[in-house]
Amino acid sequence: MRIFKVSDQPSIKRSVDSGTEEQRAAVKMIIDSVRKVGDEALIAYSLEFDGISLENFAVTKEEKREAYKELDEQNLAVIREAAANIRLFHEKQLRTSWMTTDENGTILGQKVTPLDSVGLYVPGGTAAYPSSVLMNVIPAKVAGVKRIVITSPPDKKTGKLPPAVLVAAQEAGAEEIYKVGGAQAIAALAYGTETIAPVDKITGPGNIYVALAKREVFGDVDIDMIAGPSEIAILADDTAKPNEVAADLLSQAEHDRLSCSVLVTPSEALAAAVADEVEKQLATLPRQEIARESIENYGAIYVTDSMAEAVQTVNLLAPEHLEIITEHAMQLLGQIRHAGAIFIGRYSPEPVGDYFAGPNHVLPTNGTARFSSPLNVEDFQKKSSIVYYSEKALKDYGEKIAAFARLEGLEAHARAVETRLKG
């Protein structure tokens, strides 16, 4: 793993993939096809991309029941406990409508309303991601969304969704589930087909085709974010254990060849020890090939002259995940301005947040933590302003409002107020 002095490395290398021209054209073609012929296009693309003929891509009640039989009791218990933790955390985010009144009769407020429907994309095909199901469905349920739709690509051999995904969906409270993946699933959620009614918002991660499709339909529906490859930055001093830091860096590197894993430290001794340890652990990692390519292309260790400079570097990174493994980790928390999720101390490795602790693991990537937040309950709500002026209030302020309208050259606005004052 390469070691740099921050002063010698003017920029942080991260992977940004906006797709090739061919990929963008393919996505547009898929979306147009789904809009025109609906279910027929979904069936055709499932056959073309997944090699599966699915005349009925809606998950049946029987498939849902069978999923519980195929999942062992221990894993079911873990899913249920994780779901409880996630629900408890997100319930604390719930906001309600409010109003204030003034002595002249003015009433101002905000009406909070859950979205009518949301579509949640769950990656799949060769892997199962029940954690993604919980992290997307539960905040939507807490927000009060009535219709929650899940789409996920089926297994290429069985034509089914993984039992863990189906069980997680049911435990979280989602019953409308479809075996459809890729850009065609995003198109179906956005515009609807004969089988799948359209939704108002689409959330959830996916491959480059899913990301490009979400970007393409944004505006017709809302989306959560365009998620990039996974990232971790670790802020550590010489009290950190090299083997633990290396393991945490590799926990993200094994996600994807484009994942970014970075250590920032003022300790040259720790930097050298972690670099050696990464090599040792890579040798026995099942996903060694993926992790090694990620580390070689997007991994780095940055040595700073001080902890203050290390903190400044982390804020420039604005990472998706940040671990603080220092002697006084909690004291540094207030200095961190940009990070999607912050894990404090030796005993809070990033996977704790991925699966179990409760905070959402759908996080801003590619430096967007500078202005974005994790997926949360408010993402599934919308707000309406409430304005009520009494006759007295309009008489008190009407002339000022009309003057402001004329300041902007909008005479009809001014007259809309003055006609009531004259009356």
Side-chain angles (χ1 to χ4, degrees), residues 1-6 8-20 23 123-129 131-132 156 205-211 227-236 240-265 267-304 310 313-314 316-323 325 339-341 343 346 349-355 361 363 365-367:
M1 198 168 182
R2 295 166 300 171
I3 301 175
F4 303 95
K5 289 288 287 185
V6 165
D8 299 330
Q9 187 72 10
S11 63
I12 302 299
K13 184 181 181 184
R14 61 169 88 240
S15 58
V16 180
D17 192 354
S18 57
T20 64
Q23 287 172 328
T126 59
Y129 296 99
S131 61
S132 287
K156 295 190 176 187
N207 63 18
I208 184 62
Y209 293 98
V210 170
S230 187
E231 307 164 357
I232 189 169
I234 300 177
L235 176 62
K241 308 293 183 183
N243 63 320
E244 295 173 358
V245 174
D248 293 356
L249 291 170
L250 291 172
S251 74
Q252 298 309 294
E254 73 172 354
H255 264 299
D256 192 299
R257 299 175 193 276
L258 301 176
S259 295
C260 178
S261 301
V262 173
L263 168 63
V264 183
T265 179
S267 171
E268 293 186 2
L270 178 68
V274 169
D276 290 342
E277 190 64 35
V278 165
E279 283 301 314
K280 290 178 185 177
Q281 293 187 25
L282 269 172
T284 60
L285 203 61
R287 294 170 66 91
Q288 176 187 157
E289 184 181 345
I290 292 172
R292 183 175 295 280
E293 189 170 335
S294 165
I295 289 294
E296 288 178 355
N297 290 330
Y298 300 105
I301 298 174
Y302 295 101
V303 178
T304 62
T313 302
V314 165
L316 288 173
L317 274 168
E320 178 188 14
H321 307 98
L322 170 64
E323 291 184 3
I325 310 176
F343 301 82
R346 177 186 177 190
E350 186 275 339
V352 172
D354 265 353
Y355 301 112
H361 77 197
L363 302 166
T365 59
N366 283 330

Listed by chain and number, what are the side-chain contact (heavy atoms from CB on, under 4.5 Å) partners of Y355, not counting sequence neighbours? S131, P351
Roughly how far, to the nearest 0.5 Å, is NE2 of H321 from SG of C260? 12.0 Å
Test your reading of the model: is there a side-chain donor-acceptor pair from Q281 to the backbone of N243, 3.5 Å cut-off? yes
side-chain contact (heavy atoms from CB on, under 4.5 Å) between V274 and L249: does it pass, once the steps are laid out? CA-CA 9 Å; V274 169; L249 291 170; 3.8 Å; yes
Non-hydrogen side-chain atoms of F4 and V303 separated by less than 4.5 Å: no
Salt bridge (Lys or Arg N to Asp or Glu O under 4.0 Å) pairs touching residues 248-265, sequence neighbours excluded, are R257-E289, R257-E293
State whether the side chain of H361 and the backbone N or O of D354 hold a donor-acceptor pair below 3.5 Å, judged by distance alone. yes
Going by side-chain contact (heavy atoms from CB on, under 4.5 Å), name the residues that satisfy it together with A240, two or more places apart in sequence or in a different chain. A236, V245, L270, I325
So CG of L258 and OH of Y298: to nearest 0.5 Å the spacing works out to 5.0 Å
For E231 against E320, the heavy-atom pair lying closest together: N-OE1, 2.8 Å
Give the intermediate values and the outcome of side-chain contact (heavy atoms from CB on, under 4.5 Å) for residues T265 and L235. CA-CA 6 Å; T265 179; L235 176 62; over 6 Å; no
Minimum heavy-atom distance P349-R346, with the two atoms named: CD-O, 4.1 Å
Apply side chain to side chain donor-acceptor pair (under 3.5 Å) to Q252 and list each qualifying residue two or more places apart in sequence or on a separate chain. S230, E350
Distance col, row Y209:OH vs Q23:CD, nearest 0.5 angstrom, shows 4.0 Å
For P229 and N366, which heavy atoms make the closest approach, and how far apart are they? CD-ND2, 4.4 Å
Before giving the answer on side-chain contact (heavy atoms from CB on, under 4.5 Å), spell out for L250 and V278 the whole-Å C-alpha distance, their side-chain angles and the decisive distance to 0.1 Å. CA-CA 7 Å; L250 291 172; V278 165; 4.2 Å; yes
Output all residues satisfying side-chain contact (heavy atoms from CB on, under 4.5 Å) with K280, sequence neighbours left out; order by chain, then residue number. E277
Could you tell me whether a side-chain N or O of E279 sits under 3.5 Å from a main-chain N or O of D276, the two making a donor and an acceptor? no
Please enumerate all residues that pass side-chain contact (heavy atoms from CB on, under 4.5 Å) together with S294, with sequence neighbours excluded. A253, S259
Under the 3.5 angstrom rule, does the side chain of R2 hit a backbone N or O of I301 as a donor-acceptor pair? no
Can you check whether L285 reaches R292 side chain to side chain, under 4.5 Å on heavy atoms? no
Tell me, with the steps shown, if L317 and V264 meet side-chain contact (heavy atoms from CB on, under 4.5 Å). CA-CA 10 Å; L317 274 168; V264 183; 4.1 Å; yes
